[in-house]
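Taking it in order: structure first as structure tokens, then the write-up.
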Amino acid sequence: MSEIKIEDLSKSIKGALILDKVSITLTSGKIYGLRGKNGSGKTMLMRAMSGLLIPDSGSVIINGKTLHKDISFPESIGILIENPSFLPQYTGFKNLKLLAGLTGNISDDEIRTALDRVGLDPEDKRTYRKYSLGMKQKLGIANAIMGEPDIIILDEPINALDEESVKKIKKVLLEIRDKDKLIIIACHDREELEYLSDIIYEIKDGSIVDRKELTYDNA
């Protein structure tokens, strides 16, 4: 079981307050949605959870360990934040294999499974530079879910995807959630976010202003 506990988290950049005393607790077996306008603080909150942003005050505690004190990054996490970036001269599989090599605990079969689950052919010999926008987005999602880490953070995962691909990604995320994983997503599409999420946090001006628990069966 995984838990992210955020306590009084604040962050300013160049004098502008982007996170203002945020306190929430997220637990595995659920999909949490983050909703808010551009600049509301969604992406920065995701970066803080990922260990990519050091707060001015407050803390992010993951499974009892404080980021930037006990650990530098979460120990089992997959991330897609902002635009995915890969080496243009390599295939999708080769890109993921290079990234998997950083941890050493993800097999070639797990990489192929992740590619297949998002709708990419693991044997496709096209290099990343020849990918469409939708294929690039799928590769970013495949990178985040390969090996099914305990925590998955996805910022606008369905951008540039066609309707069929969106359905496929929805199915995959719900399957992963049901394996007691913790998933956090941000999405501009209200309907899609409500379909996927168990709990939605509304963010405005860097603060949590509302919490909505969805009680209907979205599985």
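Heads up: numbering here begins at 1 and tracks the sequence.
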Are L26 and I185 joined in one hydrophobic group, where the rule is that I, L, V, M, F, W and Y side chains link up if heavy atoms are under 4.5 Å apart?
no

In this structure, CD1 of I153 is separated from CD1 of I184 (nearest 0.5 Å) by 4.0 Å

When rounded to the nearest 0.5 Å, the distance separating CE of M44 from CG of L53 is 6.5 Å

Output for pair (F93 CZ, E123 CD), nearest 0.5 Å, gives 7.5 Å

* Are K136 and F86 in a cation-pi contact, defined as NZ or CZ under 6.0 Å from the six-membered ring centre and within 45° of the axis? -> no

So CG of L173 and CD1 of I141: to nearest 0.5 Å the spacing works out to 7.5 Å

When you measure from the side chain of Y90 to the backbone N and O of L96, does any donor-acceptor pair fall under 3.5 Å? no

| said: Can you confirm whether S197 sits close enough to L214 that some side-chain heavy atom of one is under 4.5 Å from a side-chain heavy atom of the other? | reply: yes

Looking at side-chain heavy atoms only, is the closest gap between N63 and K65 below 4.5 Å?
no

Next on the checklist: Determine whether E194 and R35 satisfy the following criterion, salt bridge (charged side-chain N to carboxylate O under 4.0 Å, His left out), listing intermediate values before the conclusion.
Outcome noted: CA-CA 10 Å; E194 292 192 350; R35 183 163 57 207; 3.4 Å; yes

Between Q137 and P157 the two heavy atoms that sit nearest each other are NE2-O, 3.1 Å

In short, M49 meets L67 closest at the heavy-atom pair O-CD1, 3.5 Å

I'd like to know if the side chain of E7 and the backbone of I24 have a donor-acceptor N/O pair within less than 3.5 Å. no

Would you check if there is a donor-acceptor pair between the side chains of T43 and D155 at a distance under 3.5 Å?
yes

So that I can tick it off, tell me whether R117 and E110 are bridged by a salt bridge, with the cut-off set at under 4.0 angstrom between side-chain N and carboxylate O. no

| Hey, quick one: are I54 and L19 part of the same hydrophobic cluster, counting side-chain heavy atoms closer than 4.5 Å, chains of contacts allowed? | no

With the threshold set at 4.0 Å, does a side-chain nitrogen-carboxylate oxygen contact exist between E148 and K181?
no

(request) Using the rule that two of Ile, Leu, Val, Met, Phe, Trp, Tyr join whenever any of their side-chain heavy atoms come within less than 4.5 Å, decide whether L17 and V22 are in one cluster. (result) no

So CD1 of I31 and CG of D198: to nearest 0.5 Å the spacing works out to 6.0 Å

Note to self: For E163, is the CD atom crowded, meaning more than 12 foreign heavy atoms sit under 6.0 Å from it?
What the structure shows: no

For S28 and M1 the tightest heavy-atom approach is OG-CG, 3.2 Å

*Within a radius of less than 6.0 Å around CG of D205, do more than 12 heavy atoms belonging to other residues, nucleotides or ligands occur?*
no

Donor-acceptor under 3.5 Å (Y195 side chain, K170 main chain)
no

Quiz item: Would a 4.5 Å heavy-atom cut-off, applied to side chains only, mark I200 and L193 as touching?
Solution: yes

Subject >> Residues D178, I176; criterion side chain to side chain contact (heavy atoms under 4.5 Å, CB included); working and verdict >> reply: CA-CA 5 Å; D178 291 342; I176 293 174; over 6 Å; no

Q.
Go through it in stages, so that I can follow the logic: the residues are I111 and D109, the test is side chain to side chain contact (heavy atoms under 4.5 Å, CB included), and I'd like the CA-CA distance, side-chain angles, deciding distance and then a yes or no.
A. CA-CA 5 Å; I111 296 171; D109 284 345; over 6 Å; no

Tell me, do S23 and L9 make a side-chain contact under 4.5 Å, heavy atoms counted? no

Give the intermediate values and the outcome of side chain to side chain contact (heavy atoms under 4.5 Å, CB included) for residues D124 and M135. CA-CA 11 Å; D124 193 339; M135 291 174 70; 4.0 Å; yes

Report task. Mark yes when over 12 heavy atoms from residues, nucleotides or ligands other than L133 sit less than 6.0 Å from its CG; otherwise mark no. Result -> no

_Any donor-acceptor N/O pair, E202 side chain to L34 backbone, under 3.5 Å_ = no

| Backbone N or O of L161 within a donor-acceptor pair of the S165 side chain at under 3.5 Å? | no

In short, L139 meets L120 closest at the heavy-atom pair N-CD1, 3.7 Å

- Item | Side-chain donor or acceptor of D70 paired with backbone N/O of T66 under 3.5 Å | yes

Would you say the side-chain atoms of N38 and H188 include a donor-acceptor pair closer than 3.5 Å? yes

The reported gap from CD in E213 to CD1 in I199 (rounded to nearest 0.5 angstrom) is 4.5 Å

Looking only at heavy atoms, the pair that brings P74 and S50 closest together is CD-O, 3.4 Å

So, E192 and R190, do they make that salt bridge, N to O below 4.0 Å? no

- Message: Is the shortest side-chain heavy-atom distance between L182 and I152 below 4.5 Å?
- Response: no

All heavy atoms of P149 vs all of G78, minimum pair found to be CG-N, 3.5 Å

Worksheet item: Does the side chain of I81 come within less than 4.5 Å of R47's, by heavy atoms?
Response: yes

For D56 and S12, indicate whether the former's side chain and the latter's backbone hold a donor-acceptor pair under 3.5 Å.
yes

Could you check whether any side-chain heavy atom of Y128 comes within less than 4.5 Å of a side-chain heavy atom of N95, counting everything from C-beta outward? yes

(message) Determine whether a donor-acceptor pair (N or O, by modelled atom type, separation under 3.5 Å) exists between the side chain of D20 and the backbone of G206.
(response) no

Between K42 (side chain only) and I203 (backbone N and O only), is there a donor and an acceptor less than 3.5 Å apart?
no

Do V209 and Y201 share a hydrophobic cluster (ILVMFWY, side-chain heavy atoms under 4.5 Å, transitive)?
-> no

Measure the shortest side-chain to side-chain distance between L52 and M46 over non-hydrogen atoms and say whether it is less than 4.5 angstrom. no

Strictly by modelled atom types, are K125 and T91 linked by a side-chain donor-acceptor pair under 3.5 Å? no

**OP:** Please answer whether the main-chain N or O of S2 pairs with a side-chain N or O of D150 as donor and acceptor at a distance below 3.5 Å.
**Re:** no

Lys/Arg N to Asp/Glu carboxylate O, D8 vs K21, below 4.0 Å:
no

**Prompt:** Does the side chain to side chain contact (heavy atoms under 4.5 Å, CB included) test come out yes or no for Y32 and L196, once each step is laid out?
**Reply:** CA-CA 8 Å; Y32 293 88; L196 279 169; over 6 Å; no

In terms of hydrophobic clusters joined by side-chain contacts under 4.5 Å, are L98 and I106 together? no

Quiz item: Any Lys/Arg nitrogen of E175 or K171 sitting under 4.0 Å from an Asp/Glu carboxylate oxygen of the other?
Solution: yes

| said: Regarding D116 and T113, do their side chains bring together a donor and an acceptor under 3.5 Å, going by distance alone? | reply: no

